[in-house]
Every structure is written in structure tokens, then in C-alpha cells.
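Convention: sequence-line order gives letters A, B, ...; per-chain numbering from 1.
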2 protein chains.
Amino acid sequence: MTSAQQPVPARPTSRDVARAAGVSQATVSLVLGGKWPGRVSEVTAQRVREAAVELGYRPNLAARSLRLGRTRTALLVVPALTNEFFARVYAGAAALAAEHDFGVVLYPSPDGTGPARDPFASARAALDGVIASSMAADALDALHGADLPLVMLDSDPSGTGPAAHVNLDIADGMRQVTDHLLGLGHRRFLHLASAVDTWTFAVRAEALHDALGAAGDATVRTVRAPLDVGAGREAAEQALAVAGERPTAIVCDDDILAAGACKAARRLGLRVPDELSVTGFDDLALATALEPELTTVRLPAEQVGERGMEALLAVLDGRPAEQGGLPVELVVRGSTAPSPTARA
Amino acid sequence: MTSAQQPVPARPTSRDVARAAGVSQATVSLVLGGKWPGRVSEVTAQRVREAAVELGYRPNLAARSLRLGRTRTALLVVPALTNEFFARVYAGAAALAAEHDFGVVLYPSPDGTGPARDPFASARAALDGVIASSMAADALDALHGADLPLVMLDSDPSGTGPAAHVNLDIADGMRQVTDHLLGLGHRRFLHLASAVDTWTFAVRAEALHDALGAAGDATVRTVRAPLDVGAGREAAEQALAVAGERPTAIVCDDDILAAGACKAARRLGLRVPDELSVTGFDDLALATALEPELTTVRLPAEQVGERGMEALLAVLDGRPAEQGGLPVELVVRGSTAPSPTARA
DNA sequence: ACCTCGACGTTATACGTAACACTTCGGCAG
DNA sequence: CTGCCGAAGTGTTACGTATAACGTCGAGGT
């Protein structure tokens, strides 16, 4: 069929399709674009579509982007994909994006230790919008400066700058955890908090203190650690070794820290949950890999990604973005039990 | 929000920079492109650079790609980012890519349950090459059909089609594990294998059987399970409940399965490592979150990504890709101990 | 005085697409 | 018959960039 003389089978263009179908390039664009329903007769359209399939035509995205000024690509800024939570957020965002012929490209956020490269230096020109997660305030400013549509995930809704927000009801999750433990008779708490300074963790601390304050007779100590098992273990171990009344429950900002707390307990000869209750946050796969399994708060990570992408698409379409918070759910497992002091 | 679009300062183009600097657009391209060192006098170049900074000029990537026919973007095909190993592969690949002004876009591989969308239907036009990991054979064919430069990670090096390979010395890792356990006196083994049918797991089984065969008096049973803790636990529990001589060591294809094996042991009242040794593979964060910590094989995941990207860049430059395998390392921790039968 | 040549720029062009503006043509009301 | 309309296409243009091809000008060789 092809009378092409080129030795290498060059990628066919819309003009090649036009030639094969006996129409003009404009008509090919009209047909394959899918818009302009009535502009081309069905018989012609059919011929064009067949030619396109025949030649294996794929539109050149670069040319399309250049023409339209849009790329159908969003940037997702996350701290690290090795954190399962963010990997799931990505999965959710990418899945919804794919349904709308959108792509998602990733950039690890500058969380202090991140790469110094400006994500927009190379990417900004090719982006339609940005979805950013758990940013520190300064990094956030750089995002606003890019004057691209912006959706913030799990971030301070009162933050400056025009941005849609998709938030988890973190405070409610922490409240549920606290109520659960208070109901089990616990009164002396250790809060194993993340050393990361973002809204999502600040909210945890606030909600915990609020809920404990309401209980009246509860006390809490706070120690902070980076988000990894070893650091969590060390911090918990030191805190538990302090003289005086030992806490009966450790509330962790994260399942990873909770895993550290469990290891600390075991090293000190404390049995979980009989002598020490431990709670996590996130409900990662890790939560059910441990023994005992972690009582934790399930966060709908994929949904966060989906809703984030949804919001971005809405903004790009000029529609208002849905703003509601996503519900979270306490999952009670084996790492929490009635306080030993209450039973005594 | 702002609904005004036109009065907003449009992104400056190279022509705007040219006007500001009092030169032609071509000169701007010459200066900012960085190639053609001697073509423009330093004083003019300086003026251009200043104008570019002044206006906040960013080259339009779509236009550049259209002109050059290349996108400086690679596709990384991985089964799932929620698996920490692949998240780390991505991190390695993305880091090296960034150093070369390359981007990496992800696509979850069609591993049977994956999305039905053809990654190339939307992406192929905008890609310079593909790095693919742990593919099933049929999915692999689709990749070859795309006639893009292809690098395979951790895949059968004897596979068909022209592709560079970056492989881990999986067989050596499994050999080390086996020798370690044999040295501890173990003779009855259970192989908790992945249900996924890829080269990387086939090699594990082969190496395990080879090493045990060399020992002469060792026996092994194999059970397979999907790569998640629950499935691993179930499979291990069933296998351990079988009447007859119980294995004294479980060799797992993966840390995740090993976590399942540990849970199974605990459910059956078997103490790890005293009554049952368990080994993993990958050295994920999970390995040190468990108690006892897992004896496992450390895989340089980031290096796999880096070397993969390196190989792709080499191919694109017409250089030969470095082909050597990456070494792995046995990490002995608390989940393995001398066989109880040997001590008896 | 003539030619050459290198240094420094500029002009022009093509990449592949989407969509605006235009043509062509048969039908149909006035 | 004229004028108008809608249907079905086509011609053309612009998006922003990189680079091939083409000036221009003064220095240096012969």
C-alpha cells in the first residue's frame, strides 16, 4: 500500500493518513479529534479511521501540545515514593488521570534533603497543573510562583495562595484513636511524633491534645523522630526508659514509627499489648505484617490521589473543585488492650 | 478566582528574549542552547542571558520536542510502586535521569491484573526509550513492537529482541542464603515462592534447587503465593501443618512473603528462629521492622534504576551499554539460627 | 588590489497538529 | 432566477524551537 521510499519506516503523520484516505490533513484532524461531530460524513470518517489504523498512526503529542498550549500532563509532588502512602496516592491519581487521557509525572518534594533542582526549571513548560502533597511552607511558595493551577493534598487549608485542597479528616482519626485508648482505661500517654514539620502532623498533635484535655486526668509526653523504624525505636526506647511513671500507651503519628515503638517495647521486655498499647496511623501493609497487628487509622490514600486529580481537572475545566474532606477509619487490631493500671 | 486569561503575562518566548536583548531569535537559541560555543561573542551572549533571566524565560518543551524529534523522556515500566523495591528503582532511575536533563514517566506493567490501556497508545509518541522491569513474556512482545530503545531490568538475558539488560546476581544471592542455612545444619526446607511467573523468581527456584542438590542430603518442598503478607502467611501455615517431618527453614522469594511466614510460625506456636529459620529477599524496610529482624539478601534497587537509565542513555548516544550484573549481599539477622535437629 | 577566511549574526524553514476562514454545491424559499 | 443556507470539505496559518544556509565585515596573505 505504502509508496514510501524512506528506508526507515518513519512514524506516519496525519498527512500520511490523509493521503491514504484521499482527504486533506484537516479532515483527518477533524475526524480523529472526535470533536466537531457533524463536520464530516460518516462514510468519509470511516475511511479516515481505517487508514489511520492501517498505517498505525499515532498523533505526535509534542506537536499537539505546541498547537494547543496544553500538555494533558500534571505534576505530582510527593516527599518520597518509598513511603507506601504516597505510592498509593500516585496510583490513585494516575488511574483517574488515565481515564481522562492525562499523564502524571512525579517530582520528589524539596523537603530539606531533596534534590536542589527546581522541578519547574525542566518541567514547568510541559505541565498543565500541579498536585502537591504535604509541603513545607517555603517549598509551597515556589509552587505558587509557577502560576499553574494548583491542588494541595493534605495540607493547611488556610494556606496562602489560590489552590484547591483535598484533605483527610486527620483530626477525626486522631480523636478516634484517643477515644479508643481512653475507653480502654489508658491515662498516661506517649506521643511518638514525626519530626517532619507539616500540617498533617501538626493536626495530629493538636487533635491528640484536645481529646486528652477533654478527658481531664490524662497526661502525655511527646517525642519526635524521623519517619523510619530505627529512629522511632530509638526515640521510644529513650522515652520509655525515663524514670517515673511509664506510659501505658504510645500514640504514633505513623505506622512506621509504631513499628519502631513495638521494637522498643520488646527490647525493654514490655509485652504489646498487655503491658503497653501501641497505635499507628495510615494502615500501611506494614500494619498487618507485624505481630501483634497494629491498631491504626486507615487513610484512603488512593482516593486522595483520585480526588486530587479530579480537583485539578475541574480547575482546568473552569469548574469549581469539590472541597470536602475525606473520612478516615479507626481499625482496631491486636496492638491495643485495656490498660494494665485500669485492671489493677 | 481570576477568569481573565489574555491580559495575564503570557509565557515569554525566545523571540521575546531576542527583542529584549536586541538580537534575533536564532541568536537566543544559539546562546541558550549551549552548543556551538564560538558562534556568539561573549558580550552578546551575556546580554541574551540577562534578558532571559529578566523575563523569566523557559523554553517551550513541546516546541523543542517537535523540532528535535526527541523528548528526553523515558518510560519506566514497573509492576507496582507500592512495592518498595520498585519505588527505589524509580528513585535511582529518576535521579540519574535528572542529571542528564531527562524525565522519567511511569507505567504500571500489564501483569495480568494491570490496566488494559496500552502504555504506548498515549505515550509512545512522546518517548525516547523504555526501561522495563520484570515483565511477563507476552507483555514484553508489545514493548519490542514499539521499536523504541529498550532496556530490560532483572529479566531473562536470553530473551528475544534487541534490548540491553541490567541484571542482579539473583542466583548468587539465593546460593548465599542456601549455604548459610546449610551451614547452620538445616536439611529440610520449605521454599515459599512467588506466584508471579517472571525470570527473577524462576532464577531463585533454580539456584535454590542447585545449591540443595549439591548438598546431597537436603530436601525441599515448594509452595507458591501472591506477593502479600496475608497470602504468604496462609500458604506457609498450610504447608507447615502438613503431617510428617516439618521443615526447619523457610526460604522465601521476598521479604513480604517472609513476613507472612513469620506470622504463620507464630500462629502455629513455632518460635523464630529457634524452632524455625526464615529468610527473605530484597532487604526492604520491612525486614528490620519485624521481630526478629529478617535474614535476607540486600538488592541494590536504586543502582538497578541508575544502571538502567545509564544503559538507556548509552543506547541513545549510540554507545554500547554496560552489561555486567550487579552484586547482591546476604545480610544475616535474627531470623535464622542453627537447626534444632542439628543441635539435638 | 584581490581573494580568502573566520567571527558573528541573521533569515528562512520545517517539525505535526488544530482550528479558523473559506469554497463548493445542491436544495429551497421568495 | 436570485439569494441564502447548511453540509462537507479544503487551504492556510500559527504554535516556539533548532539549525542549515546565507550575509557582512574587517584582518591577513600574496
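- One can place CG of L68(B) at 12 Å from P of dG16(C), the figure rounded to the nearest angstrom.
- Look at CG on L30(A): it is 10 Å from P on dC20(C), rounded to the nearest Å.
- Here the shortest heavy-atom pairing between A87(A) and L81(B) reads CB-O, 3.6 Å.
- Counting non-hydrogen atoms under 4.0 angstrom, T13(A) reaches the backbone sugars and phosphates but no base.
- Residue R47(A) comes nearest to A21(A) through the heavy atom pair NE-O, 3.0 Å, listed as atom of the first residue, atom of the second, then distance.
- V28(A) comes within 4.0 angstrom of nothing in the nucleic acid, heavy atoms only.
- Atom CD of Q25(A) and atom P of dA14(D) are 15 Å apart (whole Å).
- For R88(B), the salt bridge (charged side-chain N to carboxylate O under 4.0 Å, His left out) partners at least two apart in sequence or on another chain are E84(B), E302(B).
- Sorted by residue number, the members of residues 34-44 of chain B with any non-hydrogen atom under 4.0 Å from DNA chain C read G38(B), R39(B), V40(B), S41(B), T44(B).
- Per the geometry, CZ belonging to R70(A) stands 13 Å off C1' belonging to dC15(D), to the nearest Å.
- The nearest whole Å value for the distance from the CZ atom in R19(B) to the C1' atom in dT10(C) is 16 Å.
- Contact annotation for L66(A): base contact, defined as any heavy-atom pair under 4.0 Å involving a base atom.
- Remark: T27(B) is in phosphate contact with dT10(C), judged by side-chain N or O atoms under 4.0 Å from OP1 or OP2.
- The residue S24(B) sits close to a base: some heavy atom pair falls under 4.0 Å.
- When rounded to the nearest whole Å, the span between CD of Q46(A) and P of dG9(D) equals 13 Å.
- For N60(B), the side-chain atoms get nearest to dG16(D) when compared with the rest of dT11(C), dG16(D), dG16(C).
- Note: CG (D16(B)) to P (dC15(D)) measures 11 Å, nearest angstrom.
- Between the R15(B) side chain and the Q25(B) main chain, no donor and acceptor come within less than 3.5 Å of each other.
- Listed candidates were dT17(C), dG9(D), dT17(D). Nearest to the side chain of S14(B) is dT17(D).
- In this structure, T73(B) OG1 and F102(B) CZ are separated by 7.0 Å, a value rounded to the nearest 0.5 Å.
- Among pairs with a residue in residues 26-45 of chain B, those fulfilling salt bridge (charged side-chain N to carboxylate O under 4.0 Å, His left out) read E42(B)-R49(B), at least two apart in sequence or across chains.
- If you measure from atom CG of L32(A) to atom C1' of dG16(C), you get 13 Å, rounded to the nearest angstrom.
- At distances below 3.5 Å, not a single donor-acceptor pair connects side-chain atoms of D128(A) with backbone N or O atoms of A74(A).
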